[in-house]
Amino acid sequence: MAFERRKILLVPLDPVHDIGLKMIRRGLEQAGHQTMLLPPDLPPEEIVSIMGKEHPDHVMISRTLGYGVGEVLGRFVDLADAAGLRDKTALVVGGMAVRPELAAELGFDAGFGPGTSVEEVVAFVEGRPYQPDLAGAKKQKKDITAGYAYEYRHAGIGNLLEKIVTNILTWSEGKISPGILRSRLRDESWDVESFRQGKVSREFSEAYAQLCDPVPQAFHRKGEVHPKTRRQTDQEIARLEDYLTKTKSRMTVSKVQHVEGQPKVFIQYGTGCPFMDIAHIKVCEAWGADGVVHFDPSWGARTEGFIGGFLTHQEDGSVVTPENLSWIKAALEASTLWQVRAHRGLNTAETVVLAGKLGADLTKINIAYGSLAAGTDPARLTVDGIEAIRMAVKYKLPFDVVTNEELAGVPAHKAFAGMLIVTALGRRLGARPILQPLFSYSPEVMIGGQMINNYIDFNAAKIEALRSIIDAPLWPGAPIGFLTQTEDRVQSSMTTSLHAALAASLRVDAISIASSDEAYSGGPIIAASRVDTLQAVAEGFRFFGEGRITPTVHAQQWADEMVDKIEAVLKEVAQSPTFVEALYAGLLGSKEEGAYPGRGGRGTVTEK
């Protein structure tokens with residue numbers, strides 16, 4: 001549809017500040033309209049005189065804040081009216097202090113305030129409705145593992161890892177656990193389509209219950225839920241459906257990345273209430289989050305088996321049930337990556353199956369962390385972890401290998417040795433693992449002082465060390481900046497932004513961030529705090545763009561030292577009779593360092 005060519009007079013009714021009008025002028029001229037830009041700070045009488053000579057179709061006034069701004073703009077409208085120009089000329093005003101209501105009150109035909117786009121002004125001039133891109137940013141899911149060959153760049157470490165993996169697989173042959181049996185039962189006998197239709201297989205429920213602890217048994221046999229949970233009511237479900245319908249109808253997503261190649265940004269959720277989780281997820285999607293991570297309550301990791309139902313509870317972590325996960329999945333935008341973590345408990349392997357069947361994009365598995373800092377027996381988690389990796393391969397789920405044991409006090413080089421072992425195990429089994437080092441103020445650096453001067457060098461050293469060992473994707477997290485944030489929301493958002501900028505400078509693939517109140521919250525995490533941090537990260541990405549943050553010489557020194565220490569640890573593990581005994585012996589984290597072999601599931605591994 002062709003629009004009539006218009007003549008527009010652009011007037012900076014201000015001592016300075018005509019940049020906005022110059023941008024609008026370019027857009028109008030590109031659209032084929034004729035423009036005339038007057039110099040700043042002309043008196044209203046002179047502007048009206050020029051209007052009488054030029055006969056513009058539109059006069060666009062720009063005005064910033066100042067004393068008597070209302071009187072100045074009102075006087076201009078009165079003069080234009082007195083000169084008989086209002087019938088042929090539309091008067092428009094814009095500026096930081098302008099709102100449509102103010103413009104109408106002063107007698108203008110339209111008013112444009114902060115956030116107005118050039119396209120919106122062009123649409124007004126052409127007399128057509130402004131139709132913004134309702135889809136928001138053009139976002140697509142990204143395969144974080146794409147382009148990586150997983151080749152060893154350090155031959156000595158590569159040889160040690162392959163030897164350790166061979167020993168792990170040899171040791172695990174013929175071993176079974178209740179978790180493995182449940183994962184296979186869920187894989188073979190639980191039909192997700194029947195579940196979505198509300199059909200319950202009594203045969204599956206009974207066979208499953210026999211492999212569970214008493215609480216899941218009570219659910220599958222009697223319909224009883226965990227005593228710490230309650231079912232969402234029909235009214236709550238109806239309200240959630242209404243909320244999702246209304247939210248998705250107006251939903252747009254944005255980007256936090258400023259240039260291509262900046263890392264994808266994940267937030268984690270686990271408020272205990274799936275409805276609240278969904279509300280937080282939608283806020284984060286709207287403000288640019290690329291992915292979301294589901295974390296479950298600690299009692300769920302210590303319980304053999306899953307319950308069901310659309311459930312809420314009053315502790316951190318959202319209960320893993322098919323219904324809860326299904327609602328989360330249904331709420332997500334098509335571009336959002338969804339990770340269901342499975343790395344630390346007695347349901348590790350089954351979680352991968354459930355996540356895969358319900359449409360997750362990623363999972364999380366780390367035998368070392370789960371055995372030393374998350375409470376599961378090393379033998380149990382080793383056999384279950386192998387099964388989990390195999391299921392991740394079957395369901396095409398990449399998984400990250402988080403090194404949260406650093407937060408317990410395990411030095412980075414020992415945590416990384418465990419991470420690399422699980423990564424090598426994953427590759428042997430055909431999986432696509434992702435390295436997840438911490439960007440945090442860990443106990444190691446509190447004691448060792450590596451971050452007294454800055455937070456850059458030691459974090460950069462971690463990335464450099466890992467890259468010198470293996471060609472694999474990197475996803476700093478847990479979240480970045482952890483233990484550097486304070487209760488102050490500005491400081492917390494800013495330090496997250498700076499860590500994000502460092503991660504972008506180091507060209508990693510993804511990062512996990514916390515809301516500005518998440519690390520030190522004395523109460524519920526609020527949505528506004530999530531927006532704080534996402535906006536701060538976006539600003540950090542914008543500020544640096546393709547620029548780089550340059551570490552000092554200490555970074556390379558620490559990276560070299562870290563690689564040497566990783567190799568030394570792997571030699572000890574390779575010489576241990578078994579990987580499990582190495583875990584018990586503290587080779588990947590000792591009791592003195594805050595790592596204790598877990599007890600959950602001890603004695604439950606048996607021979608087939």
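Looking at I281 and L332, their side chains come closer than 4.5 Å, going by heavy atoms from C-beta outward. Looking at heavy atoms from C-beta onward, Y208 lies out of side-chain contact with S189 at the 4.5 angstrom threshold. Here the side chains of F275 and T312 are not in contact, with every heavy-atom distance at 4.5 Å or above. Under the 4.5 Å side-chain criterion, counting only non-hydrogen atoms from C-beta, N347 is not in contact with V320. Residues L588 and V410 are not in side-chain contact: their nearest non-hydrogen atoms beyond the backbone lie 4.5 Å or more apart. The side-chain heavy atoms of D277 and N324, taken from C-beta on, include no pair separated by under 4.5 Å. No side-chain heavy atom of L354 sits under 4.5 Å from any side-chain heavy atom of Y395. In this structure, the side chains of D400 and L435 stay at 4.5 Å or more apart for every pair of heavy atoms.
Between E285 atom CD and I278 atom CD1 the span is 10.5 Å, to the nearest 0.5 Å. Distance check, rounded to the nearest 0.5 Å: CG of L483 to OG of S440 gives 6.0 Å. Atom CG in L587 sits 10.0 Å away from atom CG in L372 (nearest 0.5 Å). Note that the CD atom of E581 and the CG atom of N167 stand 11.0 Å from one another [nearest 0.5 Å]. Here the CG atom belonging to L381 is positioned 10.0 Å from the CD1 atom belonging to I386, to the nearest 0.5 angstrom. Summarising the geometry, atom CD1 belonging to I164 is positioned 12.0 Å from atom CG belonging to L169; distances are rounded to the nearest 0.5 Å.
Counted within 6.0 Å of CD on Q140, heavy atoms from surrounding residues, nucleotides or ligands total 12 or fewer; the atom is thus considered open. Under a cut-off of 6.0 angstrom, the local environment of NZ in K329 is crowded, with over 12 non-hydrogen atoms contributed by other residues, nucleotides or ligands.
F195 has its ring centre less than 6.0 Å from the ring centre of W190.
Looking at T495 and T484, their side chains do bring a donor and an acceptor atom within 3.5 Å of each other. If you check the side chains of D384 and T348, you find no donor sitting under 3.5 Å from an acceptor. At a cut-off of 3.5 Å, with distance as the only test, no side-chain donor of Y152 or N159 sits close to an acceptor on the other residue. Using modelled atom types, one finds a donor on one side chain and an acceptor on the other under 3.5 Å when comparing Q485 with T496. Side chain to side chain, H294 and R341 fail the donor-acceptor criterion of an N or O pair below 3.5 Å. Inspection of the R380 and S371 side chains reveals no N or O donor paired with an N or O acceptor under 3.5 Å. A donor-acceptor contact closer than 3.5 angstrom is absent between the side chains of W287 and S254. Judged by distance alone, the side chains of T303 and D213 never bring a donor and an acceptor atom under 3.5 Å apart.
The pair D296-R344 meets the salt-bridge criterion, since a charged nitrogen lies less than 4.0 angstrom from a carboxylate oxygen. A salt bridge does not link E387 with R182: none of the charged nitrogens is closer than 4.0 Å to a carboxylate oxygen. Between R599 and D377 no salt bridge is recorded (no basic side-chain N to carboxylate O distance below 4.0 Å). The existence of a salt bridge linking K142 and D290 is excluded, since no basic side-chain nitrogen approaches an acidic carboxylate oxygen closer than 4.0 Å. A salt bridge links K394 with D187: the closest approach of a Lys/Arg side-chain nitrogen to an acidic carboxylate oxygen falls below 4.0 angstrom. With respect to the salt-bridge test (charged N to carboxylate O, under 4.0 angstrom), the residues D143 and R432 qualify. The pair R467-E464 does not count as a salt bridge, with every side-chain nitrogen at least 4.0 angstrom from each carboxylate oxygen.
At least one donor-acceptor pair closer than 3.5 Å links the side chain of N366 to the backbone N or O of V402. S576 places no side-chain N or O within 3.5 Å of a backbone atom of V573 that could act as its donor or acceptor partner. Looking only at distances, no side-chain donor or acceptor of D509 sits under 3.5 Å from a matching main-chain atom of K264. Between the side chain of Q339 and the main chain of T363, a donor-acceptor pair closer than 3.5 Å is present. The backbone N or O of A331 lies less than 3.5 Å from a partner atom in the side chain of K282, making a donor-acceptor pair. Of the possible polar contacts, one joining the H313 side chain to the G317 backbone as a donor-acceptor pair under 3.5 Å is found.
Here D564 pairs with nothing under the salt bridge (Lys or Arg N to Asp or Glu O under 4.0 Å) rule; sequence neighbours left out. Partners of T403 under the side chain to side chain contact (heavy atoms under 4.5 Å, CB included) rule, at least two apart in sequence or in another chain, are E405, E406, A415, F416, M419, L438. Shown here are the salt bridge (Lys or Arg N to Asp or Glu O under 4.0 Å) partners of R507, two or more places apart in sequence or in another chain: there are none. Partners of E444 under the salt bridge (Lys or Arg N to Asp or Glu O under 4.0 Å) rule, at least two apart in sequence or in another chain, do not exist in this structure.
Ring-plane geometry between F266 and W475 is classed as tilted, the angle between the planes lying from 30 to 60 degrees on a 0 to 90 degree scale. Note on ring orientation: taking the six-membered ring where Trp is involved, the planes of Y455 and Y441 are perpendicular (angle over 60°, cut-offs 30° and 60°).
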Throw together a table of side-chain donor-acceptor distances under 3.5 angstrom for residues 536-549, partners on residues two or more places apart or in other chains.
residue, atom, partner, partner atom, Å
R548, NE, S505, O, 2.7
R548, NH2, S505, O, 3.2

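Under the ring-ring contact (aromatic ring centres under 6.0 Å, His included) criterion, the residue pairs touching residues 346-370 are H343-Y369, with sequence neighbours excluded.
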